[in-house]
Each structure stands twice: as structure tokens, then as C-alpha cells.
Undergrad: 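Handing you a structure now.
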Amino acid sequence: MKIAFVGKGGSGKTTLSSLFIRHLAASRVPVIAVDADINQHLGAALGLDEAEAAALPAMGAHLPLIKNYLRGSNPRIPSSESMIKTTPPGEGSRLLRVGEDNPVYDACVRTVDLDGAAVRLMATGPFTEADLGVACYHSKVGAVELCLNHLVDGREEYVVVDMTAGSDSFASGMFTRFDMTFLVAEPTRKGVAVYRQYKEYARDFGVPLKVVGNKVQGPEDLAFLRDEAGDDLLTTVGHSDWVRAMEKGRPARFDHLEEANRHALETLHHTADAAYGRRDWERYTRQMVHFHLKNAESWGNAKTGVDLAAQVDPSFVLSEGAATPQPA
């Protein structure tokens, strides 16, 4: 299952995504965690110290390796240089699976221990001083989008992505790559404004969206979120001494998390798991192709010097049963 956490900056999006990752790990579910936020705080939220978080390999720095591996023997893609962030898989492409070992994971994944349960962590990479004024952060998350386009995951296999804040998620087609999107909203006008904007943008693409209320302190906060989000409000999370200790670098064992907050995470898990039955791989593939053709026409053809529409394999549908060639 591919799960996204979105929300305005400061909403607690990264904290909630890290708690959900810890919950999945405690449930002994295979997890790949991806930090696709410009601020790159997911590693710290999962317990890495400053040096460990800074040492995480940047996916963007390994983009040539990622492209070359995923291209495989796909005859529609003669070179990795002609691949862009939206390039879809086709016959001969190599696919990624959650539990496997492969050169992409070797280069980009680091294992994080969470109370004896391991999760795989990948990071887009920080926006550096060298990028200022000359680069767009969305070019960095292209490595994440390309991997998601080629990733095949099954039930009770989770890829959890901490997305960039606000409506910036819509700067690429990556927002359609998820089985479930959890929007973290504070009980404030600014908090629900991002929800309304996200819902409006996502409506035409059928993006499954649920709201997780955060920093909810009482009945008035809950009533406010219910009035604003209606049936989209899934659950709420309140004050947590466990989280406060974690943010100070002194977390207790995860099973000491407050009962109400553990229940909220179980609700997220059940909701994500239920989305599996509504999967439509053909629609997923069509949306992938839609954004590829859109990007090709907008900038990709000019940048690569080739007709990127030719990369689309009309007979290929990504699915759990899709075959992938083995590395040479």
C-alpha cells in the first residue's frame, strides 16, 4: 500500500507519518519510509541523531543509477538519459518490490531500528545552498516519483511518504500515486484551508483522501474540524507526552504511547488496509501515462531532444503480477 501524509507546514505531518511508520513496524509489517519533504525531518522523527540523519543518501544524487536500473531492457527507452521523472514502466522495465534487495535500495536505503523492528528509510535529499536560485525542489523529488511509478506493492506491504508541505504536492503527478492520502489538519482556519485546496485539486483524479485532526485539545476543536471536513474527518490526535519526549531525543518504547493515540493509528491502519480492495491498476497506469505525456509536451521533449510519448507501452498495465527482468 502506498500512503501519503500531506498538510500545511507545522501541522504535525512529519510527526504523524513517523508515528504511523512506528505503528506499522510494531505490527511487523514491511515498511519503506520515504522523506519527500523539503525540510527532511523524517529521519530525526524516527530517532536518528543529527549526524545519522545528515548521512542519509540522497535519492536525487543517485538518479542516473535509478534510471539505468529501472530502464532494464525496455526497448522503448534506448537510454537512461531520455528518462524523466514521469517515465512509466513498460515491457522489459525493472520493477521495485517492497521486500526485495536491488541496486536502487543498496544505494538509497538505510535501515532504521524501531524497538527491534526494522524499517527501510529513503530520503529525497535536502535543498542545499548550491540549489538556491538555480534549482527547483520538485526536480529532486523526481527520483521518488520515478521509483513510485515502478513500484509494485501488495497488501500489508507499506510505502509511507512524508510529502512536501501545502499544495506544493501538486507540482507533479505524484499526488495520484497513492492508495490513501492522509491530510493532517490543525483545528484552525489555515489548517482546514489546505484541506479544501487539496480536496479541490484531487477531486478530478479520484484521490482517496482522509483528514487526521492534530493538536485537538477538546470538544470545540473536534466540532470545528467536523464542521469543516465533514465525513472526510477520519480521526484525531491530541497532546502526547510520548511525542514531546521523542522530540527531545528521549523517546520511551513505542508501546508506551498514549492509548487514545494508539487507537488513532490503528484507525489509520485499518483505513489504509481497506483501500486495497479498491485498487484499480488500470486507472493507476492511465494516470501515470497522463502526467508523463503532459510533462513531455510541457518540457520533457525539449529537454531530452526525443519524443517521450514513444516511451508509453500501450499494452502494459502495472500490477502485482507484472513480470520484471532480473539484473544481468
Undergrad: Report yes if the side chains of Asp307 and Asn301 come closer than 4.5 Å at any heavy-atom pair, otherwise no.
TA: yes

Undergrad: Under the criterion side chain to side chain donor-acceptor pair (under 3.5 Å), I'd like the reasoning laid out for Asp232 against Tyr195: C-alpha separation, chi angles, the key distance, then a yes or no.
TA: CA-CA 10 Å; Asp232 285 340; Tyr195 156 69; 2.6 Å; yes

Undergrad: Determine whether a donor-acceptor pair (N or O, by modelled atom type, separation under 3.5 Å) exists between the side chain of Lys13 and the backbone of Met163.
TA: yes

Undergrad: Any donor-acceptor pair under 3.5 Å linking the side chain of Arg177 with the backbone of Ala4?
TA: no

Undergrad: I'd like to know whether Val144 forms a side-chain contact (heavy atoms from CB on, under 4.5 Å) with Met174, so could you lay out the CA-CA distance, the side-chain angles of the two residues, the decisive distance to 0.1 Å, and finally the verdict.
TA: CA-CA 9 Å; Val144 179; Met174 195 162 70; 3.7 Å; yes

Undergrad: Can you get from Val243 to Phe20 by hopping between Ile, Leu, Val, Met, Phe, Trp and Tyr side chains that sit under 4.5 Å apart?
TA: yes

Undergrad: Looking only at heavy atoms, which two atoms of Ala296 and Leu308 are closest? And how far apart?
TA: CB-CB, 3.7 Å

Undergrad: Nearest 0.5 Å please: distance from the CG atom of Asn68 over to the CD1 atom of Ile77.
TA: 11.0 Å

Undergrad: Looking at residues at least two apart in the chain, or sitting in another chain, which of them share a side chain to side chain contact (heavy atoms under 4.5 Å, CB included) with Ser93?
TA: Asn74, Pro89, His150

Undergrad: So Leu16 and Phe182, side-chain contact (heavy atoms from CB on, under 4.5 Å) or not? Walk me through it.
TA: CA-CA 10 Å; Leu16 264 292; Phe182 292 127; over 6 Å; no

Undergrad: When clusters are formed by joining ILVMFWY residues with side-chain heavy atoms under 4.5 Å apart, either directly or through shared neighbours, do Tyr201 and Val211 land in the same one?
TA: yes

Undergrad: Membership question, hydrophobic clusters at under 4.5 Å side-chain separation (ILVMFWY): are Leu121 and Val104 in the same one?
TA: no

Undergrad: Measure the CG-CG distance between Asn102 and Leu95 for me, rounded to the nearest 0.5 Å.
TA: 11.0 Å

Undergrad: Could you check whether any side-chain heavy atom of Val29 comes within less than 4.5 Å of a side-chain heavy atom of His269, counting everything from C-beta outward?
TA: yes

Undergrad: Could you tell me if the side chain of Val159 sits less than 4.5 Å from the side chain of Cys147, heavy atoms only?
TA: no

Undergrad: Heavy atoms only: give me the nearest Leu268-Thr235 pair and the separation to one decimal.
TA: CD2-CG2, 4.0 Å

Undergrad: I'd like to check Lys2 versus Val161 (side-chain heavy atoms, cut-off strictly below 4.5 Å). Are they in contact?
TA: no

Undergrad: Tell me whether Arg76 contacts the main-chain N or O of Val312 through its side chain, where contact means a donor paired with an acceptor under 3.5 Å.
TA: yes

Undergrad: Would a distance-only check, ignoring hydrogens and angles, find a side-chain to backbone donor-acceptor pair under 3.5 Å from Asn214 to Ser11?
TA: yes

Undergrad: Between Arg262 (side chain only) and Leu257 (backbone N and O only), is there a donor and an acceptor less than 3.5 Å apart?
TA: yes

Undergrad: Is there a path from Val207 to Leu151 through hydrophobic residues (I, L, V, M, F, W, Y) whose side chains come within less than 4.5 Å of each other?
TA: yes

Undergrad: Take His41 and Thr15 through the test side-chain contact (heavy atoms from CB on, under 4.5 Å) and record every step on the way to the result.
TA: CA-CA 9 Å; His41 292 320; Thr15 297; over 6 Å; no

Undergrad: When you measure from the side chain of Lys67 to the backbone of Met83, do you find a donor-acceptor pair of N or O atoms at a distance under 3.5 Å?
TA: yes

Undergrad: Mind checking side chain to side chain contact (heavy atoms under 4.5 Å, CB included) for Asp280 and listing every partner two or more places apart, or none if nothing turns up?
TA: Glu282, Arg283

Undergrad: Among all residues two or more places apart in sequence or in another chain, which pass the side chain to side chain contact (heavy atoms under 4.5 Å, CB included) test with Glu320?
TA: Val152, Tyr276, Arg279, Trp281

Undergrad: Taking 4.0 angstrom as the limit, do Arg196 and Glu228 come out as a salt bridge?
TA: yes

Undergrad: Within the 4.5 Å heavy-atom criterion, are Phe254 and Leu265 side-chain neighbours or not?
TA: yes

Undergrad: Would you check if the side chain of Glu258 reaches a backbone N or O of Asp241 as a donor-acceptor pair within less than 3.5 Å?
TA: yes

Undergrad: Please step through side-chain contact (heavy atoms from CB on, under 4.5 Å) for the pair Leu146 and Ile66, ending with a clear verdict.
TA: CA-CA 8 Å; Leu146 195 58; Ile66 293 171; 4.2 Å; yes

Undergrad: State, yes or no, whether a side-chain contact exists between Leu96 and Glu100 at a heavy-atom distance under 4.5 Å.
TA: yes

Undergrad: Determine yes or no for a side-chain-to-main-chain donor-acceptor pair under 3.5 angstrom, with Asp37 supplying the side chain and Asp162 the backbone.
TA: no

Undergrad: Search all heavy atoms of Pro57 against all heavy atoms of Arg110 and return the closest pair with its distance.
TA: CD-CG, 3.6 Å

Undergrad: Heavy atoms only: give me the nearest Arg120-Gly99 pair and the separation to one decimal.
TA: NH1-C, 3.8 Å

Undergrad: Are any of the side-chain heavy atoms of Met180 and Lys210 separated by less than 4.5 Å?
TA: yes

Undergrad: For Glu157 and Arg97, run salt bridge (charged side-chain N to carboxylate O under 4.0 Å, His left out): C-alpha distance rounded to whole Å, both residues' side-chain angles, the deciding distance at 0.1 Å, then the answer.
TA: CA-CA 9 Å; Glu157 291 182 329; Arg97 299 179 188 273; over 6 Å; no

Undergrad: Could you pull out the closest heavy-atom pair between Val98 and Tyr105, with the gap in Å?
TA: O-CE1, 4.0 Å

Undergrad: Step through it carefully: locate the ring centre of Phe205, locate the ring centre of Phe175, and say whether they are under 6.0 Å apart.
TA: yes

Undergrad: Got a second to check how far Ser80's OG is from Leu65's CG, nearest 0.5 Å?
TA: 10.0 Å

Undergrad: With rounding to the nearest 0.5 Å, note down the distance linking OG1 in Thr271 to CD in Glu266.
TA: 11.5 Å

Undergrad: If you count the non-hydrogen atoms of other residues, nucleotides and ligands that lie under 6.0 Å from CG in Asp255, is the total more than 12?
TA: yes

Undergrad: Roughly how far, to the nearest 0.5 Å, is the CG atom of Leu46 from the CG atom of Leu19?
TA: 9.5 Å

Undergrad: Spell out, yes or no, whether Leu42 and Trp242 are grouped together once hydrophobic residues are joined by side-chain heavy atoms under 4.5 Å, including indirect joins.
TA: yes

Undergrad: Rounded to the nearest 0.5 Å, what separates atom OG in Ser27 from atom CD in Glu156?
TA: 8.0 Å

Undergrad: Can you confirm whether His263 is buried at NE2, in the sense that more than 12 heavy atoms of other residues, nucleotides or ligands lie under 6.0 Å from that atom?
TA: no

Undergrad: Check whether any side-chain heavy atom of Asn149 sits under 4.5 Å from a side-chain heavy atom of Thr87, and report yes or no.
TA: no

Undergrad: Short question: side chain of Arg94, backbone of Tyr69 - any donor-acceptor pair under 3.5 Å?
TA: yes

Undergrad: For the rings on Tyr158 and His23, is their centre-to-centre separation under 6.0 Å?
TA: no

Undergrad: If I compare all heavy atoms of Phe178 with all of Pro208, which pair ends up nearest, and what's the gap?
TA: O-CD, 4.1 Å

Undergrad: Looking at Arg155, is its backbone amide N or carbonyl O close enough to the side chain of Asp273 to form a donor-acceptor pair, meaning the two atoms are under 3.5 Å apart?
TA: no

